[in-house]
Undergrad: 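Provided herewith is a single structure, encoded as structure tokens, for subsequent inquiry.
Just so you know, these numbers use all the heavy atoms, side chains as well, and skip hydrogens, waters and symmetry mates.
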Amino acid sequence: MEYTVQKLGALAGISPRTLRYYDEFGLLRPARINSSGYRIYGQAEVNLLQQILFYRELGLTLEAIRDIVTSPSFDGARALREHHEQLLQRRKQLDELIANVEQTLAQSEGRITMSNEEKFAGFKQKLIEDNEQKYGQEIREKYGEEAVEKSNRKLRNMTEEQYAACQQLEEDLFAALEQAMEEGDSASELAQKAAGLHRQWLGFSWDTYTKEAHAGLAQMYVEDERFTAYYDKRRPGMAAFLRDAVHIYTGAKQ
């Protein structure tokens, strides 16, 4: 079966303008252009569009999706299995948060007593699973399975006070980085304070600390666009500035 832009957009629930942009971006080309100049899409393009929308739902950028689906090694069936696994993980995460909310409601109604640890269990698990979904493969390849599992256990065992302190420390880190970037010197006292705060923040999840690992993680912040986006959403260039500050802090960059 073949589809025009209008029909495929209606089928997929996206606008014809989006499909035209996907074509111009090199993400989803039509199978052919008919004699009237209309884009015509076949079954292969329908299947590819489904994959693209799955990746969009998982939060990948269009650039990352294009790199994936245009790679000679792209395997549609394997991609579907990966989507399925990621969706199961998301469902598990949502189930845990729902259970956490239900417990909190039951406590507020006097039906159960809920410990402070139980109140934050769902949030800590969400943090772990978000990290796994976004960065799990890269982190495991770089630091190994055992190191990642130790980190996850440490996060799960966080007390309420530690969880709050971790969140506050990250905000302090962002604030210090923003101020240091105003000065524009990654070797400044304020920038080095930010690098120190980053080290403290890592302590909430890292089982052991080394300067080499710290410097390596900071380098990953600029090599992986997902890490870069996390910092640069606060201020463009923040990931690179933090990398430079950490490299000076750890002696990786003189």
Undergrad: Say you draw a straight line from CD of E225 to CG of D67; how long is it, rounded to the nearest 0.5 Å?
TA: 7.5 Å
Undergrad: Are the side chain of N34 and the backbone N or O of R39 linked by a donor-acceptor pair below 3.5 Å?
TA: no
Undergrad: Relative to the ring of F174, is the ring of Y231 parallel (under 30°), tilted (30 to 60°) or perpendicular (over 60°)?
TA: tilted
Undergrad: Report yes or no: does Q192 contribute a side-chain atom to a donor-acceptor pair with the main-chain N or O of A245 at less than 3.5 Å?
TA: yes
Undergrad: Below 4.5 Å, heavy atoms only, C-beta onward: do I52 and L48 meet side chain to side chain?
TA: yes
Undergrad: For P16, enumerate each residue passing the side-chain contact (heavy atoms from CB on, under 4.5 Å) test, keeping only those at least two apart in sequence or located in another chain.
TA: V5, Q6, R20
Undergrad: Tell me, with the steps shown, if R56 and L62 meet side-chain contact (heavy atoms from CB on, under 4.5 Å).
TA: CA-CA 8 Å; R56 289 295 285 163; L62 290 180; 3.6 Å; yes
Undergrad: Would you compute the distance between atom OH of Y38 and atom NZ of K7 and round it to the nearest 0.5 angstrom?
TA: 11.5 Å
Undergrad: Can you tell me how far OH of Y55 sits from CD of Q50, rounded to the nearest 0.5 angstrom?
TA: 11.5 Å
Undergrad: Kindly give the heavy-atom pair with the smallest separation between L173 and A194, and that separation in Å.
TA: CD1-O, 3.2 Å
Undergrad: Can you tell me how far apart CG (L197) and CG (L242) are? Round to the nearest 0.5 Å.
TA: 10.5 Å
Undergrad: Of the non-hydrogen atoms in D232 and A239, which two are nearest, and what is the gap between them?
TA: OD1-N, 2.9 Å
Undergrad: On the six-membered ring of F25, is R66 placed so that its NZ or CZ lies under 6.0 angstrom from the centre and within 45° of the ring axis?
TA: yes
Undergrad: In sequence, state the C-alpha distance, the side-chain angles, and the governing distance for N47 and Q51, and then conclude on side-chain hydrogen bond (donor to acceptor under 3.5 Å, both in side chains).
TA: CA-CA 7 Å; N47 294 343; Q51 296 282 9; over 6 Å; no
Undergrad: Take M238 and K233 through the side-chain contact (heavy atoms from CB on, under 4.5 Å) test and state the conclusion after the steps.
TA: CA-CA 8 Å; M238 182 176 282; K233 70 182 179 182; over 6 Å; no
Undergrad: I'd like to know if the side chain of T18 reaches the main chain of I14, judged simply by a donor and an acceptor atom lying under 3.5 Å from each other, with no hydrogens or angles considered.
TA: no
Undergrad: Quick one: OG1 on T208 to CG on L202, what's the gap to the nearest 0.5 Å?
TA: 11.0 Å
Undergrad: Closer than 3.5 angstrom, by distance alone: can the side chain of S188 be matched with the main-chain N or O of D185 as a donor-acceptor pair?
TA: yes
Undergrad: Do W206 and L169 sit in one hydrophobic cluster, given that two such residues count as connected whenever their side-chain heavy atoms are within less than 4.5 Å of each other, even indirectly?
TA: yes
Undergrad: Which atom names give the shortest non-hydrogen contact between T70 and G26, and what distance separates them?
TA: CG2-O, 4.0 Å
Undergrad: Search all heavy atoms of G184 against all heavy atoms of F241 and return the closest pair with its distance.
TA: C-CE1, 4.2 Å
Undergrad: Determine, step by step, whether M1 and V46 satisfy the side-chain contact (heavy atoms from CB on, under 4.5 Å) criterion, reporting the C-alpha distance in whole Å, the side-chain angles of both residues, the deciding distance to 0.1 Å, and the verdict.
TA: CA-CA 10 Å; M1 188 170 182; V46 172; over 6 Å; no
Undergrad: Under a 4.0 Å N-O cut-off, is there an ion pair linking R29 with E45?
TA: no
Undergrad: Would you confirm whether H247, through its side chain, and A215, through its main-chain N or O, come within 3.5 Å as a donor-acceptor pair?
TA: yes
Undergrad: F227 vs V222, test: side-chain contact (heavy atoms from CB on, under 4.5 Å). Steps then yes/no.
TA: CA-CA 7 Å; F227 283 101; V222 297; over 6 Å; no
Undergrad: Does the cation-pi check pass for R243 over Y221, that is, NZ or CZ under 6.0 Å from the six-membered ring centre and within 45° of its axis?
TA: no
Undergrad: Identify whether L190 and Y249 are in the same connected component of the hydrophobic contact network (ILVMFWY, side-chain heavy atoms under 4.5 Å).
TA: no
Undergrad: Grab the two heavy atoms, one from Y41 and one from L19, that are nearest each other, plus how far apart they are.
TA: OH-O, 4.0 Å
Undergrad: To the nearest 0.5 Å, tell me how far L217 CG sits from Q219 CD.
TA: 10.5 Å
Undergrad: Flag yes if Y22 and I33 sit in one hydrophobic cluster, no otherwise; membership is Ile, Leu, Val, Met, Phe, Trp, Tyr, and two members link when side-chain heavy atoms are under 4.5 Å apart.
TA: no
Undergrad: Is L11 reachable from I40 through a run of I, L, V, M, F, W or Y residues, each pair having side-chain heavy atoms under 4.5 Å apart?
TA: no
Undergrad: Can you check whether R235's main-chain N or O pairs, donor with acceptor, with E178's side chain at less than 3.5 Å?
TA: no
Undergrad: Within the supplied structure, the quantity of interest is the number of heavy atoms (other residues, nucleotides, ligands) at a distance under 6.0 Å from E171 CD; does it exceed 12?
TA: yes
